[in-house]
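Note that the structure is predicted; figures quoted are calculated from it, not measured.
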Amino acid sequence: MLFKLGMSAAVACFVGLLSSAHAEDGSWDKVVEAAKKEGKVVVYNMALGAPYFTAVLKSFEAKYGIPVESLDLRASELSERIRTEQAAGRFLGDAEMVTTTMIEEQLKNGDFVQKLPPIPNAAHLRPPFKANEYSVPAFMQPMGILINTRLVKEQDIPTSWNDLNDPKWKGKILSDDMRPLGSGNTMFAILEKTMGIDFNQKLAEQKPVFSRDMRNDARRVARGEYAIYIPQIFAFTSDLKGLPVKVVIPKEGAPFAEMDLAVLKNAPHPNAARLFIDHFLSVESQLLYANAWMLPVNAAAAERANPDAQQFVNAKIIGPAKLAERSSMMDLAKKLYP
């Protein structure tokens, strides 16, 4: 699937309908009251210390007086944590914010999430995003190429993913590990389909150096250890202002992971989980993500993003990676990078 997100012409209508729904549905007040009585909410997530996620947690606590406990792990670690807890009957988590493929796998193998009750702010979703019976989109995490502007001359800036395979970049590319579950393999899988079967083979010949410390990798490029880093999550660059780095969105588009919100099965604080999900989809929370160069799913937030964020909020994206292809893509990555 290849598409470019546009601004919704019906934002005002969505907001009006949402306000009406809140006013007419007294049951939501009961959800809020029940959530406060539950006393806390435990959120499993893959935010990796992102300040905008922390800001959402703080705003939720300030608005509702409900403490948030956050478990922040990489995809593979979080997936195993949830599987182990659910299999053992140790129901500790309430809500999860993970990739769409992780939720699909949970439903396929373990039924670790429960059907999602109505979420009022889901009325704000901009096309093509929509909720299903188990989860609702939270935001899109697009990825591009990060370059060191002192090491990469203006005329050499890669404008296509194919440009990474220029011999001049051999041994000069730092990459998130493409073999395990995570951003590296998401990029690998999407580009395998988008760029053709030769692309990843040629990239392997460039001898990229693998890392598993995504938040620090951009700074390694900024320090000049490497000329290029892939895949660079747009939002992880927003805190690098003043450093000699630049994010490039290749002409083919940016691979992305869709992050979804769901309520875990047998959640000990189900109303608080539901309230947290609604809060995450609010204009205020989504705007924090938009201004951090993520793709928000809330229509009004996308329109209100600051000028610096607009090129990222409306970037052409390619993907997503498919659950059915994940095992084969991980196997192929391991073959190319033994």
Side-chain angles (χ1 to χ4, degrees), residues 1-5 46 74-76 79 98-105 108-109 128 140-147 152 156-212 214 217-218 221 226-234 236 247-259 295 312 315-338:
M1 176 171 57
L2 173 64
F3 58 90
K4 184 172 183 176
L5 294 173
M46 298 160 49
R74 284 188 65 108
S76 56
S79 178
V98 298
T99 63
T100 301
T101 53
M102 281 183 63
I103 292 178
E104 290 175 352
E105 186 173 47
K108 177 181 178 181
N109 298 329
M140 304 299 114
Q141 195 174 57
M143 299 168 275
I145 300 170
L146 186 75
I147 63 165
V152 180
D156 292 333
I157 293 177
T159 58
S160 164
W161 288 103
N162 279 322
D163 292 342
L164 296 177
N165 291 329
D166 188 307
K168 70 166 65 76
W169 305 127
K170 187 170 184 177
K172 299 179 181 179
I173 299 173
L174 181 65
S175 172
D176 187 55
D177 197 337
M178 301 182 203
R179 296 164 294 188
L181 184 65
S183 296
N185 188 257
T186 295
M187 173 193 69
F188 180 94
I190 292 173
L191 294 183
E192 178 75 11
K193 294 182 64 176
T194 303
M195 304 302 297
I197 60 175
D198 292 338
F199 174 80
N200 278 319
Q201 293 177 343
K202 292 179 180 177
L203 185 59
E205 295 171 3
Q206 294 288 73
K207 304 297 182 183
V209 176
F210 285 162
S211 171
R212 295 277 286 172
M214 298 177 65
D217 291 335
V221 170
Y226 295 90
I228 294 172
Y229 176 69
I230 55 173
Q232 177 61 45
I233 294 174
F234 293 169
F236 288 4
V247 179
V248 178
I249 305 173
K251 62 183 181 182
E252 296 87 3
F256 74 97
E258 178 180 326
M259 306 299 293
L295 271 67
F312 300 105
K316 182 170 72 173
I317 54 180
I318 50 176
K322 300 293 185 181
L323 174 63
E325 301 168 347
R326 191 166 71 186
S327 293
S328 63
M329 288 296 100
M330 292 174 69
D331 288 343
L332 178 58
K334 291 173 183 176
K335 181 178 179 181
L336 293 179
Y337 299 98

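- Contact record, Leu174 with Ser211: CD1-CB, 4.1 Å, taken as the closest heavy-atom pair.
- Lys316 and Glu252 are not joined by a salt bridge, as no carboxylate oxygen comes within less than 4.0 angstrom of a charged side-chain nitrogen.
- Nearest heavy atom pair, residue Leu295 against residue Ala315, reads CD2-O, 4.5 Å.
- Counting heavy atoms from C-beta outward, Ser175 and Val209 have side chains that stay 4.5 Å or more apart.
- A salt bridge links Arg74 to Asp176: at least one charged side-chain nitrogen sits closer than 4.0 Å to a carboxylate oxygen.
- With hydrogens and angles ignored, the 3.5 Å screen pairs no side-chain donor or acceptor of Arg179 with any backbone N or O of Met330.
- The backbone N or O of Asp166 sits less than 3.5 Å from a side-chain atom of Gln206, completing a donor-acceptor pair.
- By the 4.0 Å N-to-carboxylate-O rule, Glu205 lies too far from Lys170 to be salt-bridged with it.
- Taken from OG1 in Thr99 to CG in Leu181, the straight-line distance is 6.5 Å, to the nearest 0.5 Å.
- Here Ile228 contributes atom CD1 and Lys168 contributes atom NZ; the two are 9.0 Å apart, rounded to the nearest 0.5 Å.
- Counting only heavy atoms from C-beta outward, the side chains of Ile230 and Trp161 approach each other to under 4.5 Å.
- Gly253 and Ile318 get closest at one heavy-atom pair: O-CD1, 3.7 Å.
- Side-chain N or O atoms of Asn165 include one that pairs as donor or acceptor with a backbone N or O of Leu203 at under 3.5 Å.
- Considering only heavy atoms from C-beta on, Ile145 comes within 4.5 Å of Leu164 through its side chain.
- Here the shortest heavy-atom pairing between Pro231 and Gly184 reads CD-CA, 4.2 Å.
- Expressed to the nearest 0.5 Å, how far CG of Asp177 lies from CE of Met214 amounts to 11.5 Å.
- The heavy-atom pair separating Pro158 from Ile147 by the smallest distance is CD-CG2, 3.9 Å.
- Considering only heavy atoms from C-beta on, Glu192 stays 4.5 Å or farther from Phe199 through its side chain.
- Across all non-hydrogen atoms, the minimal contact from Pro255 to Leu191 is CG-CD2, 4.0 Å.
- For the atom pair Lys193 NZ and Lys322 NZ, the distance stands at 6.0 Å (nearest 0.5 Å).
- Rounding to the nearest 0.5 Å places CD of Glu258 at 12.0 Å from OG1 of Thr186.
- With rounding to the nearest 0.5 Å, the separation of CE in Met140 from CZ in Phe234 is 13.5 Å.
- In terms of modelled atom types and a separation under 3.5 Å, the side chain of Asp163 and the main chain of Thr159 share a donor-acceptor contact.
- A 4.5 Å side-chain heavy-atom check between Phe236 and Asp217 finds every atom pair outside the cut-off.
- For the pair Pro142/Ile233, no side-chain contact is recorded, criterion being any heavy-atom separation below 4.5 Å from C-beta on.
- The backbone N or O of Ala75 sits nowhere less than 3.5 Å from a side-chain atom of Ser79 that would complete a donor-acceptor pair.
- Contact annotation: the side chain of Phe188 approaches that of Leu336 to within less than 4.5 Å [non-hydrogen atoms, C-beta and beyond].
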Quiz item: Run the side chain to side chain contact (heavy atoms under 4.5 Å, CB included) check on Met178 and Met187 step by step: do they pass?
Solution: CA-CA 8 Å; Met178 301 182 203; Met187 173 193 69; 3.7 Å; yes
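- Side-chain atoms of Phe256 and Pro320, non-hydrogen and from C-beta on, do get closer than 4.5 Å to each other.
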